[in-house]
Peer 1: 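Just passing along the structure, written as structure tokens.
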Amino acid sequence: MFFSTVSKAFILLASACAVHAKILYAGVNESGGEFGVFAPVDTPGFGLPGRFGIDYAFINKSTVDIFVDQEKINFFRVTFLMERMCPLSFGLGSRFNETYFDEYADAINYITLTKGAYALIDPHNYMRYNDPSMQPFTGSVIGNTSDPTAATTKQFKAFWRELARRFVNNPKVMFGINNEPHDMLVLENNQAAIDGIRSVGARQLILAPGNGFTGGHSWTQRTGAAGDAPSSDFLNKLRDPLHNTAIDVHEYLDIDFSGGHDNCTQPGPSNLAALTTWLQDNHLKAVLSEFGGGNNQVCFQVRPMHEFHATLSAANLFRYMKFIDDMLKYLAANDVYIGWAIWAAGPQSSSNDARESTFAALTTPHQTKRFLVVLEMEQPWSCIGELSKRNKENLATGMANLTIKDDEGSGKLTGSKYNSTKQNRNNQRNTEPQLSAIDSLRNELLGHIKQLQGANAGQANDIKQQANDIKQLREANAGQANDIKQLRKANAGQANDIKQFREANAGQANDIKQLRKANAGQANDIKQLREANAGQGNDIKQLREANAEISTSVQRHTKTLYALQRRMVLDDARNNIATNYGFALDELRPRSSDLGPLMQQIRSRLTAEDSKLLSFEALRLIFDNTIGSMREAGNKAAHEATFADRTEAVLEVTLTNKQRALLRDIYFFTHHTEPDFETPA
């Protein structure tokens, strides 16, 4: 996004400690890597590749030190341009400009490896590539098959596969698929990026954006000139094998949600309500990776320092921070939100002061965005939210060392010291009431810290209990694994018995063949051997009766074997459903009364492709265990069948056409292939 000059510094964080949140990541955007390409008119290639430290830069390490060490934030979203990472002469894909990548990687590694914070990788391209000269509206939409100059979705996947490979071993890195897509359908590109990232073994958090500049306020609304479908219609269809993808959301508080106006007029909580409900309904999490408002009293409603006097307290101070305060309180109160990053900070070499460098103005010719400045408070203060039990390493993302600049710019009040400028030294006010107020505020904050430490101790006990539960579960699993091993051995023994039985049958068939040959020779002297043949005929009759019994036995065993093999096809399908759609096997062994609701639940999670294969009748065939069902018939046998036997059983001739069709679909769902022989007549 864009921003312009900030004249005065105000306070970012206004969340009250009474709100118990689960915000894991809180910080700022580091904007600058996308700079140096903006042209007065659409000019492809303008400012590329650019000069590091002059046209663009990624971070200022000294200000990152301040953010992490003093202000205790733990999250940085670091922007870059894909046209610099993958020059136009290369095209979008796995071939990088190694100099540009090394510059970017140095920034990411400093944030994550040196400072121990989290870094969100942000290709700041609006899901477009080849012309950033007038972002966000220039450049070809990635995956647009009607534009011959557009990069393909396959190229986008290759780009993310290579970028993720280079950071695969850094757990502090997160992957933001792309900044603010708009006027397009993003599902295919998002899924390609997820597939590319996971294909190299990267397990880190992924943030997937929606359409319509990924605006939270318009998440359930049509957007763009063409009235594109709402993001809520398709973002819940993304599939991540690790279930570690969250939704990337942006939300500005000015009149048109662009961040280009000074005043805040849009209330964050009500505008995010529909998104929040959608996240809850779909069991998803979100990160507000961009938000902000103007640097003025309308957005923050902060009075000049001298108006507080001796009455300054946490309650008085926070009371005036309305729009931003409401937004942060809302995020903290709804556990579908796990993080946020304010727009924006960024490197600026013109200032000698690290803090002023962080918040200095950088102007673009298109629109303005106001900085919201993170200042200091006296002690680390976890107003942003309590730490997750699974993320003890996450910093308590609060503030330290309160610094407030008065409206007249006459000086700073930092901790217990008052520093005035030389020009206004004669205008110093009486600071004693303010110093007393700050001491009171400090004591109040220390009390909150003590309460949070007690809460953390309770969390430690919870973690210890969870570890004990996990140990017991592992022991139980070990016992089950041993039972499975013994069952497999028993099945192997039964399979060997069946093999020997078939070999014996083959020997008997050969005996019958030889006997028939002997009978043919005896026919030459029927008259002379009639009496002898009468006796032999009786023997043959007995032999035929014996063979009939053997044939009946073989048919019985074959029927039992087919029933077992069909049950194993059903078991394979059940296991596949458990693996692909997040069910425990115990959930997939329903009682008769629970069968209907279970089938409804499974159908609601199936992909469109799998839904065509697994109708309600197919699901009933898989899970019905009542007397007379196909599964119950299969439960009478306990041996291990070969893959070929399962295939044959699916199309066994005694089945009805309906059963055979359902089993064929279930077989295809499980093995992704058709049986390799013709259906019996």
Side-chain angles (χ1 to χ4, degrees), residues 187 191 234 236-241 243 281-283 484 487 491 558-681:
L187 180 62
Q191 188 62 61
F234 51 82
N236 55 355
K237 298 178 182 178
L238 290 173
R239 298 181 66 178
D240 179 356
H243 306 289
D281 290 345
N282 289 278
H283 308 289
I484 292 171
L487 286 173
N491 287 342
T558 299
K559 183 176 180 181
T560 301
L561 179 61
Y562 279 164
L564 172 62
Q565 290 163 349
R566 283 192 288 270
R567 189 207 70 186
M568 295 183 73
V569 169
L570 300 181
D571 286 349
D572 289 343
R574 180 175 64 189
N575 293 339
N576 200 10
I577 290 171
T579 301
N580 291 340
Y581 294 100
F583 287 94
L585 283 177
D586 286 342
E587 293 178 271
L588 300 181
R589 296 187 177 95
R591 296 176 298 183
S592 298
S593 59
D594 297 331
L595 182 57
L598 175 62
M599 291 192 296
Q600 290 282 1
Q601 187 178 8
I602 292 172
R603 286 279 298 172
S604 69
R605 297 191 190 179
L606 291 177
T607 64
E609 179 181 355
D610 288 346
S611 180
K612 293 178 181 178
L613 297 173
L614 298 183
S615 64
F616 278 102
E617 290 179 311
L619 291 175
R620 184 175 296 279
L621 204 61
I622 293 172
F623 296 106
D624 188 4
N625 199 32
T626 59
I627 294 176
S629 67
M630 187 173 292
R631 175 173 290 281
E632 189 275 340
N635 287 339
K636 294 179 180 179
H639 55 80
E640 184 172 283
T642 66
F643 185 85
D645 288 336
R646 295 183 203 175
T647 305
E648 184 178 355
V650 170
L651 302 177
E652 196 262 325
V653 70
T654 63
L655 297 175
T656 66
N657 289 336
K658 183 64 175 180
Q659 288 175 320
R660 190 177 296 112
L662 291 174
L663 276 173
R664 184 185 289 271
D665 287 344
I666 294 170
Y667 184 94
F668 187 89
F669 167 74
T670 305
H671 301 289
H672 302 290
T673 184
E674 291 282 347
D676 58 359
F677 53 84
E678 294 295 325
T679 302

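When a residue number appears, it is its place in the shown sequence, counting from 1.
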Peer 1: Cut-off 3.5 Å, no hydrogens considered: what does the side-chain donor-acceptor table look like for residues 617-626, sequence neighbours left out?
Peer 2:
from	atom 1	to	atom 2	distance (Å)
Glu617	OE1	Lys658	NZ	2.9
Asp624	OD1	Thr626	N	3.1
Asp624	OD1	Thr626	OG1	2.9
Asp624	OD2	Thr626	OG1	3.4
Asn625	OD1	Asn635	ND2	3.0

Peer 1: Supply the atom-to-atom distance Leu598 CG to Ser593 OG, rounded to the nearest 0.5 angstrom.
Peer 2: 11.0 Å
Peer 1: Is the backbone of Asn576 close enough, under 3.5 Å, to the side chain of Thr579 for a donor and an acceptor to pair up by distance?
Peer 2: no
Peer 1: Closest heavy-atom contact between Met599 and Phe616?
Peer 2: SD-O, 3.5 Å
Peer 1: Please say which of Tyr667, Phe668, Phe669 ends up in a ring-ring contact (aromatic ring centres under 6.0 Å, His included) with His671.
Peer 2: Tyr667
Peer 1: At what distance, to the nearest 0.5 angstrom, does CG of Asn575 lie from CG of Leu570?
Peer 2: 11.0 Å
Peer 1: Strictly below 4.0 Å, N to O, side chains only: are Asp665 and Lys612 in salt-bridge contact?
Peer 2: no
Peer 1: Measure the CZ-CD1 distance between Arg574 and Ile666 for me, rounded to the nearest 0.5 Å.
Peer 2: 12.0 Å
Peer 1: Rounded to the nearest 0.5 Å, how far does CG of Asn236 lie from CG of Asn282?
Peer 2: 4.5 Å
Peer 1: Please confirm whether the backbone N or O of Ser611 pairs with a side-chain atom of Arg603, one donor and one acceptor, at under 3.5 Å?
Peer 2: yes
Peer 1: What's the spacing between Leu606 CG and Ile577 CD1 if we round to 0.5 Å?
Peer 2: 6.5 Å
Peer 1: I'd like to check Gln191 versus Lys237 (side-chain heavy atoms, cut-off strictly below 4.5 Å). Are they in contact?
Peer 2: no
Peer 1: Where do Asp571 and Arg631 come nearest, in terms of heavy atoms and distance?
Peer 2: OD1-NH1, 2.5 Å
Peer 1: As an exercise, state the distance from CE of Met630 to CG of Leu663, rounded to the nearest 0.5 Å.
Peer 2: 4.5 Å
Peer 1: Is Arg660 close to Asn657 at the side-chain level, that is, under 4.5 Å between some pair of heavy atoms?
Peer 2: yes
Peer 1: Could you check whether any side-chain heavy atom of Ile602 comes within less than 4.5 Å of a side-chain heavy atom of Tyr581, counting everything from C-beta outward?
Peer 2: no
